[in-house]
Participant: 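Shown below is the structure under consideration.
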Amino acid sequence: MVTLMRRRLAIALGALALASLAGTSHFIAHSPNGARVRPGPLATSADTSTSPTPLSAPAAATTATATTLSPAPSDPVARLRDALTWSDDAARIDAIDAAIASGATETLPLLERVVLAGDPEAAPTVIHGVAVLGAKAGTADRRVAAQTLSQWLRDEGGREGADARGNVSVLVDALGDLGGADAADALAGALDRATLPLHVETLAAQRLTQLGEPSARDAIARFSARVAALPPTQGIDETLRVEALALATNGQP
């Protein structure tokens with residue numbers, strides 16, 4: 001009797017062990033070296049969608065380095081070259097103003113290569129910079145500045161758009177600020193071409209008068225004769241004609 005009970009108990013224990021082994025067998029795997037290992041819990045679709053794979057230490061360091069801003073270059077030319085590529089208009093203009101304020105004449109070639117039509121927001125500041133820095137530069141650089149402003153005046157005078165019309169007046173003033181014989185010649189040439197609006201020609205004649213270059217006297221005289229021959233008109237055109245005539249007669253508008 002006792003033997004029969006022991007046999008039944010052994011059978012029951014064996015069955016229990018087999019059931020336990022069957023319930024856990026799907027967790028058993030083999031490592032590459034043949035040892036049996038137990039992997040961690042399987043990730044669900046929810047787990048993979050909400051738990052991104054963490055960066056390893058080298059990758060994290062690389063990402064941090066890529067997002068770190070590099071320090072501003074100390075060279076004024078390199079600093080302005082970088083600034084001219086910025087998309088923020090205000091920041092770009094501030095950088096140009098900083099170069100002007102510091103008297104960085106070495107940045108003149110950068111400013112002279114700007115296409116005014118391609119950067120209408122910064123164009124007036126660029127024009128001003130070429131005039132101010134050109135006036136501080138040596139003779140050769142000053143001559144190049146005058147040539148640049150003169151070419152820009154021709155280009156903007158023939159281009160459509162509100163920004164171009166505004167640049168024309170800024171350029172005439174800039175040539176007056178630059179000064180010198182080359183700037184006076186550029187203003188005289190603009191007067192003789194007679195393609196600018198009357199109020200801009202009046203400004204050019206005024207700046208020429210202020211420069212006092214002997215070579216500009218004939219251009220001013222030709223402008224005066226042309227204005228004196230204009231017939232009276234009405235409205236703003238008449239106001240501009242009267243101002244131009246006053247300048248032609250008295251030397252002041």
Side-chain angles (χ1 to χ4, degrees), residues 100 108 111-120 122-137 139-231 233 236-253:
I100 297 171
L108 264 172
L111 295 176
E112 290 164 346
R113 286 197 293 269
V114 171
V115 178
L116 301 185
D119 193 354
T125 309
V126 170
I127 294 168
H128 177 64
V130 171
V132 172
L133 296 176
K136 295 179 179 180
T139 302
D141 289 334
R142 187 171 185 167
R143 177 166 297 167
V144 173
Q147 292 170 350
T148 300
L149 295 174
S150 179
Q151 185 59 54
W152 280 345
L153 182 57
R154 290 190 188 92
D155 295 342
E156 296 301 274
R159 188 167 69 88
E160 296 294 330
D163 62 308
R165 290 191 293 272
N167 288 342
V168 165
S169 295
V170 176
L171 284 161
V172 167
D173 258 334
L175 284 165
D177 292 339
L178 177 62
D182 293 305
D185 288 345
L187 288 173
L191 276 181
D192 283 338
R193 286 194 297 273
T195 57
L196 298 175
L198 181 57
H199 71 283
V200 178
E201 291 184 342
T202 303
L203 176 62
Q206 181 183 7
R207 297 310 305 262
L208 268 177
T209 301
Q210 292 168 351
L211 289 178
E213 289 288 338
S215 60
R217 291 175 182 170
D218 290 344
I220 294 174
R222 287 190 291 270
F223 171 71
S224 299
R226 183 155 46 87
V227 170
L230 290 175
T233 183
I236 186 64
D237 290 336
E238 177 62 13
T239 301
L240 296 175
R241 188 189 73 85
V242 170
E243 288 180 353
L245 187 59
L247 173 65
T249 303
N250 306 316
Q252 291 294 332

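Heavy-atom basis, side chains included; hydrogens, waters and symmetry copies ignored. The first residue of the sequence shown is numbered 1, and numbering continues consecutively from there.
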Participant: With sequence neighbours left out, write down each residue that passes side-chain contact (heavy atoms from CB on, under 4.5 Å) with S150, or none if nothing qualifies.
Facilitator: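 R154, A186.
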
Participant: Assess whether side chain to side chain contact (heavy atoms under 4.5 Å, CB included) is satisfied between H128 and V170, documenting all intermediate values.
Facilitator: CA-CA 8 Å; H128 177 64; V170 176; 5.7 Å; no

Participant: Rounded at 0.5 Å granularity, tell me how far CG in L203 sits from CG in L191.
Facilitator: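 Output value for this atom pair is 10.0 Å.
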
Participant: Between A137 and L108, what is the shortest heavy-atom contact and its length?
Facilitator: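 Distance-wise, the nearest heavy atoms are CB-CD1, 3.9 Å.
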
Participant: Let me confirm one number: the CZ-CD distance from R142 to Q147, rounded to the nearest 0.5 Å.
Facilitator: 13.5 Å

Participant: For E201, check side-chain hydrogen bond (donor to acceptor under 3.5 Å, both in side chains) against everything at least two apart and list the hits.
Facilitator: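 Result, side-chain hydrogen bond (donor to acceptor under 3.5 Å, both in side chains) vs E201: R226.
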
Participant: Given L111 and L133, is the side chain to side chain contact (heavy atoms under 4.5 Å, CB included) satisfied, shown in steps?
Facilitator: CA-CA 10 Å; L111 295 176; L133 296 176; 3.9 Å; yes

Participant: For residues A188 and A219, report the shortest heavy-atom separation together with the two atoms involved.
Facilitator: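 Closest approach of A188 to A219, heavy atoms only: CB-CB, 3.6 Å.
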
Participant: Which pair of non-hydrogen atoms, one from L153 and one from A190, has the smallest distance, and what is that distance?
Facilitator: CD2-CB, 3.8 Å

Participant: Decide side chain to side chain contact (heavy atoms under 4.5 Å, CB included) for N167 and R159; before the verdict, give the C-alpha distance in whole Å, the side-chain angles of both, and the deciding distance to 0.1 Å.
Facilitator: CA-CA 10 Å; N167 288 342; R159 188 167 69 88; 4.1 Å; yes

Participant: Just wondering, do W152 and V130 contact through their side chains at under 4.5 Å, heavy atoms?
Facilitator: yes

Participant: Could I get the full list of salt bridge (charged side-chain N to carboxylate O under 4.0 Å, His left out) partners for D155, not counting sequence neighbours?
Facilitator: none

Participant: Give the table of side-chain donor-acceptor pairs shorter than 3.5 Å for residues 193-200, with sequence neighbours excluded, one pair per line with atom names and distance.
Facilitator:
none

Participant: Within this structure, what is the CG-CD distance for the pair L187 and Q206, rounded to the nearest 0.5 Å?
Facilitator: 11.5 Å

Participant: Can you name the residues that form a salt bridge (charged side-chain N to carboxylate O under 4.0 Å, His left out) with D192, not counting sequence neighbours?
Facilitator: R222

Participant: What heavy-atom pair brings A184 and L208 nearest, and what distance separates the two atoms?
Facilitator: O-CD2, 3.5 Å

Participant: Report, one line per pair, each donor and acceptor closer than 3.5 Å where one atom sits in a side chain of residues 172-183; sequence neighbours left out.
Facilitator:
| residue | atom | partner | partner atom | Å |
| --- | --- | --- | --- | --- |
| D173 | OD1 | R207 | NH1 | 2.6 |
| D177 | OD1 | R207 | NH2 | 3.1 |
| D182 | OD2 | R143 | NE | 3.2 |

